[in-house]
Amino acid sequence: QVQLVESGGGWVQPGGSLRLSCAASGSIVGIDDMGWYRQAPGKERDLVATITSGGSTKYADSMKGRFTIYRDDAKNTVYLQMNSLKPEDSAVYCCNALVLVRESTWSSRYREVWGQGTLVTVSS
């Protein structure tokens with residue numbers, strides 16, 4: 001099976017920056033769309049940004065101009081560069097990917113995979 005592992009979270013003061021990474025590993029044939037989501041205590045999980053295999057990106061309105069999503073297919077990794085962070089950005093950030101997984105010698109299947117999340121805390 002395939003796993004996604006996030007890293008790069010931590011504490012940062014308001015106005016600061018962080019770069020999150022999400023690396024996929026396992027029996028990977030290819031990766032289609034990837035994305036970042038976040039969830040704060042007591043709230044639903046919300047979209048942060050998505051990126052297609054062709055490099056097309058989408059962002060939630062509150063993140064436009066501050067966050068950038070990009071990918072390195074050679075490393076099976078998607079990144080989220082976060083700038084001008086605000087306290088309201090504090091949340092657990094999770095990555096998501098549609099992965100073409102090798103399931104047998106002659107067959108593969110697309111699977112949607114989620115990471116465990118990395119905590120981002122923005123405060124002074």
Side-chain angles (χ1 to χ4, degrees):
Q1 194 55 50
V2 172
Q3 296 185 48
L4 302 180
V5 179
E6 301 97 335
S7 62
W11 175 87
V12 64
Q13 65 183 21
S17 299
L18 286 174
R19 187 184 73 167
L20 307 183
S21 300
C22 173
S25 61
S27 301
I28 300 171
V29 178
I31 303 178
D32 202 340
D33 296 352
M34 307 183 79
W36 285 95
Y37 299 78
R38 70 185 187 187
Q39 186 170 25
K43 297 184 178 180
E44 298 294 326
R45 183 167 59 195
D46 294 325
L47 169 72
V48 175
T50 61
I51 184 168
T52 69
S53 60
S56 297
T57 59
K58 294 182 179 180
Y59 299 90
D61 287 341
S62 62
M63 270 67 80
K64 290 180 180 178
R66 299 190 299 123
F67 291 8
T68 302
I69 185 171
Y70 60 101
R71 61 194 290 166
D72 185 342
D73 289 335
K75 298 180 179 179
N76 290 328
T77 299
V78 62
Y79 303 90
L80 184 69
Q81 178 66 48
M82 305 186 294
N83 300 323
S84 301
L85 284 163
K86 306 173 181 179
E88 51 263 43
D89 293 320
S90 297
V92 174
Y93 285 71
C94 298
C95 63
N96 165 270
L98 184 62
V99 184
L100 184 59
V101 181
R102 175 67 65 190
E103 298 188 338
S104 70
T105 302
W106 302 108
S107 65
S108 300
R109 297 288 185 273
Y110 275 103
R111 305 292 184 190
E112 187 175 29
V113 185
W114 288 89
Q116 292 294 308
T118 185
L119 178 64
V120 172
T121 302
V122 185
S123 68
S124 58

* Asked: Is it the case that one hydrophobic cluster holds both Phe67 and Leu20, taking links as side-chain heavy atoms less than 4.5 Å apart, direct or via other members?
  -> yes
* **Any Met82 side-chain heavy atom under 4.5 Å of Trp36 side chain** => no
* Asked: Between Arg71 and Thr52, is there a donor-acceptor pair closer than 3.5 Å when you use the side chain of the first and the backbone of the second?
  -> yes
* Side chain Arg102, main chain Ser27, donor-acceptor under 3.5 Å -> no
* Tyr59 side chain to Ile69 main-chain N or O, any donor-acceptor pair under 3.5 Å? -> yes
* Would you call Lys86 and Asp89 a salt bridge, taking side-chain N to carboxylate O under 4.0 Å as the test? -> no
* Asked: Can you tell me if CD on Gln116 sees more than 12 non-hydrogen neighbours from other groups inside 6.0 Å?
  -> no
* Asked: Can any side-chain N or O of Glu6 pair as donor or acceptor with the backbone N or O of Cys22 at less than 3.5 Å?
  -> no
* Flag if over 12 foreign heavy atoms under 6.0 Å of CD, Gln3 -> no
* Under a single-linkage definition using a 4.5 Å side-chain heavy-atom cutoff for Ile, Leu, Val, Met, Phe, Trp and Tyr, are Met34 and Met63 assigned to the same hydrophobic cluster? -> yes
* Does any non-hydrogen side-chain atom of Val120 lie less than 4.5 Å from one of Arg38? -> no
* Asked: Has Glu44 got more than 12 heavy atoms of other residues, nucleotides or ligands less than 6.0 Å from its CD?
  -> no
* To do: Determine, using the 4.5 Å side-chain heavy-atom cutoff (strictly less than), whether Ile31 and Tyr37 are members of one ILVMFWY cluster.
  => no
* To do: First locate atom CD1 of Ile28, then atom CZ of Arg111, and finally report the distance between them rounded to the nearest 0.5 Å.
  => 14.0 Å
